[in-house]
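Structure record follows, encoded as structure tokens.
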Amino acid sequence: MTDKRLDNTIYIMYLVTENYKKSHSLSTEQFVELDKKYNILNFVGECPDIFDSMNGKEMVEEIDQYVAACQ
């Protein structure tokens with residue numbers, strides 16, 4: 001992975017995290033626990049391209065669908 005792609009992936013992980021926390025009124029600690037259970041950031045890291053064109057609401061919806069599929 002190139003440095004530019006890695007930087008983009010990290011930034012997308014940050015955006016997903018912040019949007020998800022805000023949408024669900026989660027603290028950082030609560031999000032970390034959710035991530036430990038469902039590997040959310042790993043999912044984002046494996047397919048960051050799908051999040052590139054999404055707005056914050058769409059990112060949250062994608063993660064909600066992913067979490068629901070994991071349950």
Residue pair D52, N8: steps toward the side-chain contact (heavy atoms from CB on, under 4.5 Å) verdict | CA-CA 9 Å; D52 268 342; N8 186 56; 3.3 Å; yes
Non-neighbouring partners of Y38 that pass ring-ring contact (aromatic ring centres under 6.0 Å, His included), sequence neighbours left out = none
The ring-ring contact (aromatic ring centres under 6.0 Å, His included) partners of Y66 (sequence neighbours excluded) come to F43
Can you pull the salt bridge (Lys or Arg N to Asp or Glu O under 4.0 Å) pairs that have at least one residue in [range], sequence neighbours excluded?
| range | value |
| --- | --- |
| residues 2-16 | R5-D49 |
| residues 62-71 | none |
| residues 13-33 | E18-K21, E33-K36 |

Compare every heavy atom of P48 with every heavy atom of T9, then report the nearest pair and how far apart it is.
->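 Taking T9 first and P48 second, the nearest heavy atoms are OG1-CG, 3.6 Å.
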L41 and Y11: same hydrophobic cluster, using ILVMFWY side-chain contacts below 4.5 Å?
->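 Shared cluster, yes.
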Find out if a path of hydrophobic residues (ILVMFWY) with successive side-chain heavy-atom gaps under 4.5 Å connects V67 to V32.
-> no
Short side-chain to backbone donor-acceptor contact, N55 and E58, under 3.5 Å |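 Pair found, side chain donor or acceptor close to backbone of E58.
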Are any of the side-chain heavy atoms of I63 and V44 separated by less than 4.5 Å?
->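 I63 vs V44: side chains touch.
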What distance do T17 atom OG1 and L34 atom CG have between them, rounded to the nearest 0.5 Å?
-> 10.5 Å
What residues form a side chain to side chain contact (heavy atoms under 4.5 Å, CB included) with M59, not counting sequence neighbours?
-> L15, V16, N19, F51, M54
